[in-house]
Amino acid sequence: MMISLSRHIALSASSSAHGRRFSPLPITRNAAQKNGINLSKFQPLSPQKPVCISAAVGTLGASEPRKTLIETRAYEASDRPLDISVDLPGEQAAQKIKIGIYFATWWALNVVFNIYNKKVLNAFPYPWLTSTLSLAAGSLMMLVSWATRVAETPKVDLDFWKMLLPVAVAHTIGHVAATVSMSKVAVSFTHIIKSGEPAFSVLVARLLLGQTFPLPVYLSLLPIIGGCALSAVTELDFNIIGFMGAMISNLAFVFRNIFSKKGMNGKSVSGMNYYACLSMLSLLILTPFAMAMEGPQVWAAGWQQAVSQIGPNFVWWVVAQSVFYHLYNQVSYMSLDQISPLTFSIGNTMKRISVIVSSIIIFHTPVQPVNALGAAIAILGTFLYSQAKQ
């Protein structure tokens, strides 16, 4: 289909006194001068392009009420076609299946990561090295994928890395803080506190960016804050470092999202490659801090102790938590290319539920009814927030 809105021609017509019967005729120069029509504005039509004609009827003036002019406009098709895409029922069903696969894979990978991550931290309580290994594994996997052309190498320049730097700083802080939290408290408690991230998002956007939100958004924060507070005060395995780590992680990831939206606007990098570049830059930032906070000597002693207690399986735990960390994040960024932010928020809420429930079952975490109620209220508030935000 080709559409154009250009090049007009005018035709004159005659009318009878009792009924209107129009017969278009080519307009002559004398008739044009008599009727006040400037022919210089009209260009000849190309016989090689399709023409669509529409007509409008009117009178030439009050002094000649019976004299009617029909102005016919011809629109010549342009050389550039108009792209029109129509989703067929079969394609819509395939897209829904694809999104379902993304969600199922995302949740499953996240659950597996959290399980192995907690196992490693229980035997090897060094979250700075554990966080570094997670980023290193993902960076290595993507470098190999680019080298073997399994994945398309991103075309990025220096400006891209400059825009990515604040995102990587926030991502690094959030990643380490969450790992520190899980090294001190139960996985379920960390994720309950992390469900309060929307409250931090609204607070930062309101105070620092001056954004305002509708009343339902503010009201949805009440169950989030109340649920998190109820879970915190009734947590049997409460630890202030674990609690603050989850809170710092929330704040850091809010800034990561803000920097990402501002810096990456208009950049054509796929979700998979975007996260790969983010992991590599975060690895460069984190490595010197990890060595300063813990150090190779502490790592060596802790590693020997963990292997002596767990055996060779400990090495596989470390590999698994590192690989699955990258995979679940990569799938989540890839899903952003396919779904709306609202759908992603709902999926993230459901993912957190699956992690909390699975970790309680696998690690036999003792949960009081009041603590479970607080978790349910907080997660419900997160779901309401995702709805109200739209």
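Val150 and Tyr275 are members of different hydrophobic clusters when ILVMFWY side chains are connected at heavy-atom separations under 4.5 Å. Tracing side-chain contacts under 4.5 Å through hydrophobic residues (I, L, V, M, F, W, Y), one reaches Val169 starting from Trp161; they form part of the same cluster. The cluster map of Ile, Leu, Val, Met, Phe, Trp and Tyr, joined by side-chain heavy atoms under 4.5 Å apart, puts Phe255 and Leu165 in the same cluster. There is a path of hydrophobic side-chain contacts, each under 4.5 Å, that joins Leu135 to Tyr126. Both Phe314 and Val319 are assigned to one and the same hydrophobic cluster, defined by single-linkage of ILVMFWY side chains at heavy-atom distances under 4.5 Å.
Side-chain N or O atoms of Ser308 include one that pairs as donor or acceptor with a backbone N or O of Gln305 at under 3.5 Å. At distances below 3.5 Å, at least one donor-acceptor pair connects side-chain atoms of Ser332 with backbone N or O atoms of Asn329. Between the side chain of Glu294 and the backbone N or O of Leu129 there is at least one donor-acceptor pair closer than 3.5 Å. Judged by distance alone, the side chain of Lys118 and the main-chain N or O of Met182 form a donor-acceptor pair under 3.5 Å. At distances below 3.5 Å, at least one donor-acceptor pair connects side-chain atoms of Ser231 with backbone N or O atoms of Ala375. In terms of modelled atom types and a separation under 3.5 Å, the side chain of Asn110 and the main chain of Val355 share no donor-acceptor contact. Although no hydrogens or angles enter the test, the distance criterion places a donor-acceptor pair under 3.5 Å between the side chain of Ser183 and the main chain of Val180.
In this structure, the side chains of Phe124 and Thr130 come closer than 4.5 Å at one or more pairs of heavy atoms. At a threshold of 4.5 Å between non-hydrogen side-chain atoms, the residues Phe213 and Leu221 do not count as touching. With a 4.5 Å cut-off on side-chain heavy atoms, Trp303 and Val315 count as touching. Under the 4.5 Å side-chain criterion, counting only non-hydrogen atoms from C-beta, Met280 is in contact with Leu143. Considering only heavy atoms from C-beta on, Phe363 comes within 4.5 Å of Ile115 through its side chain. With a 4.5 Å cut-off on side-chain heavy atoms, Trp146 and Pro154 count as touching. In this structure, Tyr102 and Val331 have side chains that are in contact, with non-hydrogen atoms separated by less than 4.5 Å. Side chains of Tyr116 and Ser322 form no contact here, defined as non-hydrogen atoms less than 4.5 Å apart.
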Checklist entry - Can you list the steps and then say if Ser131 with Thr179 is a side-chain hydrogen bond (donor to acceptor under 3.5 Å, both in side chains)? => result CA-CA 7 Å; Ser131 302; Thr179 309; 3.1 Å; yes
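Annotation: side-chain hydrogen bond (donor to acceptor under 3.5 Å, both in side chains) contacts involving residues 190-205, sequence neighbours excluded, comprise Asn114-His191, Ser181-Thr190, His191-Arg352, Lys194-Ser249.
For Trp128, there are no ring-ring contact (aromatic ring centres under 6.0 Å, His included) partners, not counting sequence neighbours.
Using cut-offs of 30° and 60° on the angle between ring planes, the pair Phe160 and Tyr274 is perpendicular.
Using modelled atom types and a 3.5 Å distance limit, the side chains of Asn122 and Lys119 yield no donor-acceptor pair.
Here the options are Phe113, Tyr325, Phe289, Phe253, the test is ring pair (Phe, Tyr, Trp, His ring centres under 6.0 Å), and the partner is His175; only Tyr325 passes.
Nearest heavy atoms, Asn239 versus Ile241: OD1-N, 2.8 Å.
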